[in-house]
Amino acid sequence: MMLLTPRTWVVGEVVTAAMMNAEIRNQFTALIAAEPEIVKSADTGRASTTTLAADPHLALSVAANATYTIDGFIDYDGAFGAGGLKVDFTLPLSANMRWTLHGNVVADTTQKAQTNTTDHTGSLTVGTYGTGGLHTHARLAGHLTTVNAGTMALRWAQSSSNVTATTVYAKSWMRLRRVT
């Protein structure tokens with residue numbers, strides 16, 4: 001966690017409420033900034049497309065010359081054993097990322113789980129098990145190193161084109177934890 005350098009109190013110094021409040025506020029502000037998080041506020045559906053596009057909600061700002069761990073939860077559904085979900089990210093110039101998406105096997109109807117990993121240049125896919133309340137989920141994890149400040153944005157599409165929309169639901173989320 002990225003704390004600010006704590007204030008050094010001097011022996012005999014009278015610490016006022018304003019001084020203590022400022023110190024505590026500044027430390028909490030630094031902690032919150034070190035762990036940006038975004039929660040998707042509305043459902044987004046995409047049908048008959050395998051072209052990756054940015055999710056309208058799942059994007060976070062990143063600092064220059066920083067290292068983050070990545071955590072997330074994608075709540076989605078789509079046609080049973082078809083459609084699927086393909087995910088990748090846009091990153092600031094010169095960023096390096098290694099990430100994984102834990103979810104269901106693509107085009108499988110027996111609910112097998114899979115784990116796959118790629119770097120910042122690749123996309124990963126997971127399967128769908130139907131619509132109408134049968135949400136599927138995938139866990140996102142990884143490691144991001146930046147050179148430039150910018151935005152880390154999740155992009156997604158169907159892994160194979162299907163007329164039944166694949167939907168990423170509200171309350172899906174991503175979180176970064178700054179480690180350097």
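Computed over heavy atoms, backbone and side chain alike; hydrogens, waters and symmetry mates excluded.
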Could you state the interatomic distance from [atom1] ([X]) to [atom2] ([Y]), rounded to the nearest 0.5 Å?
X: Leu144; Y: Arg178; atom1: CG; atom2: CZ; result: 11.0 Å
X: Arg175; Y: Glu37; atom1: CZ; atom2: CD; result: 5.0 Å
X: Leu58; Y: Arg155; atom1: CG; atom2: CZ; result: 14.0 Å
X: Leu91; Y: Thr121; atom1: CG; atom2: OG1; result: 10.5 Å
X: Phe80; Y: Asn162; atom1: CZ; atom2: CG; result: 13.0 Å
X: Asn116; Y: Leu124; atom1: CG; atom2: CG; result: 4.5 Å

Do [X] side-chain atoms and [Y] backbone N/O form a donor-acceptor pair below 3.5 Å?
X: Gln158; Y: Thr50; answer: no
X: Thr44; Y: Pro56; answer: no
X: Thr16; Y: Met19; answer: yes
X: Ser94; Y: Val147; answer: no

Residue pair Leu154, Asp55: steps toward the side chain to side chain contact (heavy atoms under 4.5 Å, CB included) verdict: CA-CA 6 Å; Leu154 183 135; Asp55 186 275; 4.2 Å; yes
Can the ring centres of His137 and Phe73 be said to be less than 6.0 Å apart? yes
If you take the centroid of each ring, where Trp contributes its six-membered ring, are Tyr76 and Trp156 closer together than 6.0 Å? no
Show the numbers, then the answer: is there a side chain to side chain contact (heavy atoms under 4.5 Å, CB included) between Ile74 and Leu85? CA-CA 10 Å; Ile74 303 172; Leu85 178 70; 4.0 Å; yes
Hydrophobic clustering (ILVMFWY, side-chain heavy atoms < 4.5 Å, transitive) - are [Y] and [X] grouped together?
X: Val15; Y: Val10; answer: no
X: Leu93; Y: Met97; answer: no
X: Trp99; Y: Leu52; answer: no
X: Trp173; Y: Val168; answer: no

Evaluate the criterion side chain to side chain contact (heavy atoms under 4.5 Å, CB included) for residue pair Val62 and Tyr68; output intermediate values, then yes/no. CA-CA 9 Å; Val62 295; Tyr68 297 91; 3.8 Å; yes
My understanding is that only residues two or more places apart in sequence, or in another chain, count here; which of them pass side chain to side chain contact (heavy atoms under 4.5 Å, CB included) with [X]?
X: Ser61; answer: none
X: Ala59; answer: Thr151, Ala153
X: Asp43; answer: Thr167, Tyr169, Ala170

Do you know the tightest heavy-atom contact between [X] and [Y]?
X: Ala165; Y: Ala47; answer: CA-CB, 3.8 Å
X: Gly72; Y: Arg139; answer: O-NE, 2.9 Å
X: Glu13; Y: Thr8; answer: OE1-O, 4.4 Å
X: Glu23; Y: Pro6; answer: OE2-CA, 3.5 Å

Taking the side chain as C-beta and beyond, is there a heavy-atom pair between [X] and [Y] under 4.5 Å?
X: Asp71; Y: Met174; value: no
X: Thr166; Y: Arg46; value: no
X: Asn104; Y: Thr128; value: no

Tested for side chain to side chain contact (heavy atoms under 4.5 Å, CB included) against Ile70, the lone hit among Met152, His143, Arg98, Arg177 is Met152
Is Lys40 salt-bridged to Asp75, going by a charged N under 4.0 Å from an acidic O? no
With no hydrogens and no angle check, do the side chains of Thr180 and Thr67 hold a donor and an acceptor under 3.5 Å apart? yes
Give the C-alpha distance, both sets of side-chain angles, the deciding distance and a yes or no for side chain to side chain contact (heavy atoms under 4.5 Å, CB included) between Thr136 and Val126. CA-CA 10 Å; Thr136 308; Val126 288; over 6 Å; no
